[in-house]
Amino acid sequence: MSRYDPTIIEPKWQAIWDAAGTFTAVRDLSRPKYYVLEMFPYPSGRIHMGHVRNYTMGDVVARYKMAQGFSVLHPMGWDAFGMPAENAAMERGGHPKDWTYANIADMRAQMKPLGLSIDWSREFATCDPEYYGQQQSMFIDMMAAGLVYRKAAVVNWDPVDMTVLANEQVIDGKGWRSNAPVERRELTQWFFKISDYSAELLSALDGLTNWPEKVRLMQANWIGKSRGLQFAFTTTGAPDGFDRLDVYTTRPDTLLGASFAAISPDHPLAKHLERHDPAVAAFLVECRKGGTTAEAMETAEKIGMDTGIRVLHPFDNAVELPVYIANFVLMDYGTGAIFGCPAHDQRDFDFATKYGLPIPAVFVAEGAEDAALTEAYVPMKSERVHFMRGFAGAEFQTGEAAITAAIAHCESIGVGRGVTNYRLRDWGISRQRYWGCPIPVIHCDTCGVVPEAKENLPVRLPDDVTFDIPGNPLDRHPTWRNCTCPKCGAGARRETDTMDTFVDSSWYYARFTAPHATTPTVAEDAAYWMNVDQYIGGVEHAILHLLYSRFFARAMNKTGHLPASAIEPFNALFTQGMVTHGIYRSVTTKSATGPNDEAAMIITVKYHFPEEVEGVTDEGVTSFDKKEGIVGRAFLKSEVDELISVTPSLERNDAYSALRLEGTKVDVFSSAKMSKSKKNVVDPDKIIAAFGADTARWFVMSDSPPERDVEWTASGAEATHKHLSRVWALCDRIGSMPADHQGTGDADLVRASARAVHEVTQGIEGFAFNKAIAKLYEFTNTLSKANASSSAMKQAIRTLAQLMQPMTPHIAESIWAYQGGAGLCATAAWPVADPALLIADTMTLPIQINGKRRAEISVPVDMTVSEIEKLALADQDVVRFLAGQPIKKIIVVPGRIINVVV
RNA sequence: GCCCGCGUGGUGAAAUGGUAGACACAUGAGACUUAAAAUCUCCCGAUCGUAAGGUCGUGCCGGUUCAAGUCCGGCCGCGGGCACCA
């Protein structure tokens, strides 16, 4: 064997796997299947360390399962629609399609050197017409199943770019590109009826026991189940048809504290009044100002307007409450109308204070009940007041019992009924953009909205579009919109909205089971491969993508595209942490008016590339060598007095004082997610070129638990590479041993191997890759110090190669082949530890006296408790510490510890 | 405001209630070398002690237990998610 050179062995083994079709997934009914999936990437053009970590994790699982005899599906694809492609087209010309496919080619070329066990024959991009055509077909099926509808919805509208903006694209109430104030506009949009599944999506979370608790909780909160009372107020002075006003409340126990009612500006009653009352119309204009973003809502002032309409308190018709239109009442939650109880709700309190409304208290301190009620509350018939009295005090504070009783009471006197509401709203999927899946419907003057005929699918995006003017190119395309109505054959217009890209990613996992089929899925393939056994990705998708996918799987089941067993598509979910890296940051302050004018001080924060940073010591200035520049590390603070930024052109031998004048002081400022703006990105390409894929893979899996962030450090990467070189050298040494070499440590080595097999297996099974790697270090150290026969050493290092294979497949194959392993290491059966070898003959037991460790004894594993006790009490150190004190108690935990209590 | 998670050496971290700090990084000392790099060896929580060994130590305060990083209660700090949701 020569020197460890990943640039030679890595391409070699990748070519061999490729040629052998090692990772091609086959539907093999004689074997159990295992489907590993990592969240597919957006083709931005470059892979980053986060991708490396994500795909390596999946690869470890896939390779491990393959060695265990499973028929493994481990595919890769591209989440390829979306705005960045259109933005690129707008900024530098060109076509989104060309940009996207070029990026895919670049990223695939970057991913292949990682040696992932991916079945590339199943690769697809969501922008392939073969993919989005199937999506359109399912959309039509979903329309037929009543899961799709159109309605008017309020959106962020950018009047300059003439497009709808996502909330994230609205910054300080302005469009992120145009900088124009965003308007709230009501547009007719397409929706998926995800709310039909609110109850089921919530209750089924309980069954997802292999999902992180955190993700299940986040989804549960997002779905937002609440139990309350819905009832109708009787109105007075309201227009015809509005003699009742439905409200929903989760606090029926505070109903006695009602002080006003309020309706949403979008409530039918408000809209009715708007048409007849100019004052109301003016007020509604006021309400509609500002965006729909969270920030805009939070900062918006709570405003209301008295409509003059009154409602009667359901417990006492003598009490009249004013009806306000209030901008904080949402039309799409509950009934779009509320009652306000200022005494027990902060927002209602603020509102009541602002508009001078009474603040009657329902609950008062023990003993002060009568006084408080008569003083603060609008007069009410006493027997009705009485029903809540029983809940005053501690029992009441818990809420649950009081709410249940209040609902029961209200139902018994005919005031409304108990109702369950969900926060989850229907999924608006319309996007006024080009680079997305066209919504396959046609607008016909006679037939209305008609789905496109399936034989005309896919509805392809036209290629001849330009992005030189704002707006949706589909909308202004000269011919694309024109079509014939599939129903009556008359001239008609195509829908120009495209689907939210989250739709594309809501079913790709199912498509991987039959990626080239002419139907969305194929029953036998879906039945065999679904569900995804292990899904791996970032926690940032905890809600939207994972919730949409759960909905979509149900919709696909309803429309016959997935079996009922696949309505929860991901059996197990793992959310991995980010790869972070140190940041070099400088902070300068200067004042425009004078050095001491703090008010006018301007603070400038700048980030620096590692290669722009120099270390200053007494000796002068030190710099990176080339390798350090590549791997992204500069200096530890301890090595130098301070760090300064310099222009790269500055000579490194320049005088210390000169540099000091020109450079800005830089701090190594913690560690953050790699990003261009923080100038702390480490490029996987360069790491692979410098150290090899195995080093990159091993490093991102070691040290930190996979669910936590891991900091990329050059020293860590170098150390990993050194370790792999040591393993290589060890292999070389063992390989060159004489065949008849003998040693005394064979039995110990066999035990150590068994223990390594057991512990590494446990580590991988439990997603504790950092621990598995720690055990591999231990085993390597044991092996390199072992004094054993040549055959035992060879056997042990083959085992080491197998255990390393999921993490570092290339070096593992080389070792395996060199040491006479049969076939490929990747497909060799995973080693099994003989349980008998995991138990040692003797063990060391610590002895505690009153809980403090004072001695230890070595005993045979099968020694009885009474014998151990005797031995322990006879121990010299124990005798010394006891100093003749009487023993109160002695506790022997077999195999663990002895504790003597005096 | 509501919900959740996490606090262990200089650093990343281990530890079914049972020897706290496995494994690794960094630092330090040494070997080899004319020298450097590479490689190898040793030390590496704090403190007292020449040593043997002692004492303290898992954010803080208390509790349960023969035994607490781990379980319970209360604080403090950090991080994440949701938020006009009636």
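All values reported here derive from a predicted model rather than from experimental measurement. Residue numbers begin at 1 in each chain, while the letters A, B, ... track the order of the sequences. Computed from heavy atoms alone, side chains included, the values below leave out hydrogens, waters and symmetry copies.
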For this session: Look at the side chain of Met218(A) and decide which nucleotide, out of C25(B), C85(B), G81(B), has an atom nearest to it.
Result: G81(B)
Exercise. Just to confirm, is there a sub-4.0 Å distance from OP1 or OP2 of C40(B) to any side-chain nitrogen or oxygen of Arg726(A)?
Worked result: yes
Problem set entry | Parallel, tilted or perpendicular: rings of Phe339(A) and Phe231(A) (30°, 60°) | tilted
Exercise. Do the side-chain N or O atoms of Arg347(A) get closer than 4.0 angstrom to the phosphate oxygens (OP1, OP2) of C85(B)?
Worked result: yes
Exercise. With rounding to whole Å, what would you report as the distance between G10(B) and C76(B) at their C1' atoms?
Worked result: 24 Å
Exercise. Watson-Crick or G-U wobble partner for C60(B), using a 3.5 Å limit on both distances?
Worked result: G74(B)
For this session: Mark up nucleotides 12-17 of chain B, 5' to 3', with B wherever a protein heavy atom is under 4.0 angstrom from a base atom, S wherever such an atom reaches only the sugar-phosphate, and - elsewhere.
Result: BSSSB-
For this session: Considering only atom C1', compute the distance from U65(B) to G79(B) and round it to an integer number of Å.
Result: 33 Å
Exercise. Can we call the ring centroids of Phe191(A) and Trp427(A) under 6.0 Å apart?
Worked result: no
Exercise. Looking across every strand, which nucleic acid part, if any, lies under 4.0 Å from Lys888(A) by heavy atom: base, sugar-phosphate, or nothing?
Worked result: nothing
Exercise. Within a radius of less than 6.0 Å around NZ of Lys870(A), do more than 12 heavy atoms belonging to other residues, nucleotides or ligands occur?
Worked result: no
For this session: For U41(B) and C60(B), measure between their P atoms and round to the nearest Å.
Result: 38 Å
For this session: Mind running a 4.0 Å heavy-atom check of residues 776-787 of chain A against RNA chain B and sending the residues that fall below it, in number order?
Result: Tyr777(A), Glu778(A), Asn781(A)
For this session: Could you measure between the two C1' atoms, the one in C2(B) and the one in G9(B), and give it in whole Å?
Result: 37 Å
For this session: Look at the side chain of Asn899(A) and the base of C66(B), then say whether one donor and one acceptor between them are separated by less than 3.5 Å.
Result: yes
For this session: Ignoring backbone atoms, establish whether Lys852(A) has a side-chain N or O less than 4.0 Å from OP1 or OP2 of C56(B).
Result: yes
Exercise. Does the side chain of Ile773(A) come within less than 4.5 Å of Met807(A)'s, by heavy atoms?
Worked result: yes
For this session: List the steps and the verdict of side chain to side chain donor-acceptor pair (under 3.5 Å) for Arg227(A) and Thr404(A).
Result: CA-CA 9 Å; Arg227(A) 195 175 50 104; Thr404(A) 304; 3.2 Å; yes
Problem set entry | Interatomic distance at P, C44(B) relative to A29(B), whole Å | 16 Å
Problem set entry | G18(B) phosphate, OP1 or OP2, under 4.0 Å from Arg853(A) side-chain N/O | no
Exercise. NA contact type, Phe351(A), heavy-atom cut-off 4.0 Å: base, sugar-phosphate, or nothing?
Worked result: nothing
For this session: Please assess Tyr324(A) against Phe351(A) for the test ring pair (Phe, Tyr, Trp, His ring centres under 6.0 Å), listing each intermediate value before the final yes or no.
Result: CA-CA 10 Å; Tyr324(A) 278 74; Phe351(A) 191 81; 5.4 Å; yes
Exercise. With a non-hydrogen cut-off below 4.0 angstrom, is Ile891(A) in contact with a base, only sugar-phosphate, or nothing?
Worked result: base
Exercise. When you check the phosphate oxygens OP1 and OP2 of C66(B), does a side-chain N or O of Lys889(A) lie under 4.0 Å from one of them?
Worked result: yes
Problem set entry | Contact under 4.0 Å: Tyr333(A) side-chain N or O vs A86(B) OP1/OP2 | yes
Exercise. Taking the same atom, C1', in C48(B) and in A38(B), what whole-Å distance lies between them?
Worked result: 41 Å
Exercise. Just checking Arg880(A): base, sugar-phosphate only, or nothing, at a heavy-atom cut-off of under 4.0 Å?
Worked result: nothing
Exercise. Rounding to the closest angstrom, what is the interatomic distance between A26(B) and U39(B) at atom P?
Worked result: 11 Å
For this session: Heavy atoms only: give me the nearest Cys410(A)-Leu229(A) pair and the separation to one decimal.
Result: SG-CD2, 3.7 Å
Problem set entry | Residues that Ile543(A) engages under side chain to side chain contact (heavy atoms under 4.5 Å, CB included), provided they are two or more places apart | Met218(A), Trp222(A)
For this session: Take atom C1' in U27(B) and the same atom in C42(B), then report the distance between them in whole Å.
Result: 14 Å
